[in-house]
Amino acid sequence: MSITIRPATTADIKTIRHLIDEYSAGRRLLQKETVTLYESVQEFTVAEQDGKVVGCGALHVLWEDLAEVRTMAVDQSLRGKGVGHQILEYIIARASAVGVKRIFCLTFETAFFARHGFVEIEGTPVAPDIYQELLRSYDSGVAEFLDLESVKPNTLGNTRMLKTL
């Protein structure tokens with residue numbers, strides 16, 4: 001099985017939308033508006049097999065040294081075949097290349113992320129002054145990371161994990 005990992009393009013968004021829909025129906029991923037996917041296409045990485053996108057993941061930078069791995073999804077028929085690992089390794093390398101020192105995720109797949117050096121954490125691992133700056137973000141993922149009461153009704157009940165590069 002030959003998989004190519006590459007940055008996403010706008011032409012990939014329809015397939016990314018389909019992957020997200022598969023996982024969000026089972027409450028494994030948060031639903032995202034299609035316009036949001038186009039707005040953040042530059043954050044996405046895709047896995048491609050025989051010209052077809054079969055997986056995705058995104059790197060969302062929050063602060064000078066902090067980013068989030070978001071929207072990891074692999075075609076159900078390829079789960080357990082290493083596609084997700086390849087996507088995540090690419091995202092980790094990208095995070096390092098842009099200067100990020102810590103990456104977090106909110107996930108149900110704790111064993112998967114632990115194999116890549118992520119550890120479970122409690123609370124928000126940022127200094128109080130940075131916390132105050134992050135409060136100004138309109139991004140719901142940032143609000144989820146900060147454990148803000150305003151997003152509690154939409155919380156999936158996943159685990160916070162962090163990796164230091």
Side-chain angles (χ1 to χ4, degrees), residues 3-79 83-84 86-100 102-109 112-113 118 124 126 130-162:
I3 299 290
T4 301
I5 307 298
R6 62 171 176 76
T9 66
T10 57
D12 299 323
I13 295 300
K14 289 179 184 175
T15 306
I16 291 170
R17 155 96 283 135
H18 175 71
L19 289 166
I20 293 169
D21 289 347
E22 284 184 1
Y23 283 87
S24 64
R27 296 188 42 81
R28 304 295 288 174
L29 275 181
L30 289 174
Q31 183 59 258
K32 293 190 185 291
E33 297 297 332
T34 302
V35 67
T36 303
L37 297 175
Y38 281 109
E39 289 172 345
S40 59
V41 67
Q42 72 280 0
E43 296 181 356
F44 274 90
T45 296
V46 295
E48 187 177 69
Q49 180 184 41
D50 300 326
K52 179 184 174 200
V53 171
V54 296
C56 65
L59 176 70
H60 182 76
V61 176
L62 291 152
W63 201 253
E64 177 183 7
D65 68 339
L66 183 66
E68 179 184 7
V69 175
R70 292 184 171 179
T71 322
M72 289 276 306
V74 174
D75 186 284
Q76 297 288 346
S77 67
L78 294 174
R79 281 187 56 120
V83 176
Q86 291 180 60
I87 294 169
L88 185 55
E89 287 300 317
Y90 187 97
I91 289 171
I92 291 168
R94 177 76 180 124
S96 182
V98 299
V100 169
R102 299 177 302 154
I103 309 171
F104 80 93
C105 63
L106 301 166
T107 185
F108 292 107
E109 304 294 338
F112 170 80
F113 282 95
F118 287 77
T124 306
V126 294
I130 295 170
Y131 182 92
Q132 290 301 315
E133 289 288 335
L134 291 175
L135 285 174
R136 296 183 177 125
S137 175
Y138 292 105
D139 188 293
S140 61
V142 173
E144 179 76 12
F145 170 67
L146 296 177
D147 200 21
L148 297 180
E149 199 63 35
S150 64
V151 298
K152 280 304 191 187
N154 299 322
T155 302
L156 296 178
N158 44 25
T159 302
R160 282 182 177 77
M161 298 185 80
L162 184 74

Distance, nearest 0.5 Å, that separates CG of L59 from CD of Q42: 11.0 Å
Backbone N/O of K32 and side chain of R17: donor-acceptor pair under 3.5 Å: yes
Derivation and outcome, side-chain contact (heavy atoms from CB on, under 4.5 Å), residues V69 and I87: CA-CA 10 Å; V69 175; I87 294 169; over 6 Å; no
Euclidean distance, M72 CE relative to F113 CZ, rounded to 0.5 Å: 5.0 Å
From CA spacing to verdict: side-chain hydrogen bond (donor to acceptor under 3.5 Å, both in side chains), T9, D12: CA-CA 5 Å; T9 66; D12 299 323; 3.2 Å; yes
Verdict with supporting geometry, T71 and E43, side-chain contact (heavy atoms from CB on, under 4.5 Å): CA-CA 10 Å; T71 322; E43 296 181 356; over 6 Å; no
Value rounded to 0.5 Å, distance of CD1 in I20 from OG1 in T36: 9.5 Å
Over 12 foreign heavy atoms within 6.0 Å of CD, Q76: yes
side-chain contact (heavy atoms from CB on, under 4.5 Å) between V54 and I3, worked out: CA-CA 9 Å; V54 296; I3 299 290; 4.1 Å; yes
Check: D75 and Q49 side chains under 4.5 Å, non-hydrogen atoms: no
Considering all heavy atoms, the nearest L88-F112 contact: CD2-CE2, 3.6 Å
Between CD1 on residue I13 and OG on residue S40, distance to nearest 0.5 Å: 6.5 Å
F118 and T107, any side-chain heavy atoms less than 4.5 Å apart: no
Verdict with reasoning, L37 to K14, per side-chain contact (heavy atoms from CB on, under 4.5 Å): CA-CA 9 Å; L37 297 175; K14 289 179 184 175; over 6 Å; no
Rounded distance (nearest 0.5 Å) linking atom CD1 of I91 with atom OG of S96: 14.0 Å
Nearest heavy-atom neighbours spanning P7 and V46: O-CG2, 4.3 Å
Nearest atoms (heavy-atom pairs only) where L106 meets E68: CD1-OE2, 4.0 Å
Value rounded to 0.5 Å, distance of CD1 in I92 from CD1 in I103: 5.0 Å
Residue pair F104 / L162: nearest heavy atoms and the distance that separates them: CB-CD1, 3.8 Å
Shortest non-hydrogen contact between L19 and A73, atoms and distance: CB-CB, 4.1 Å
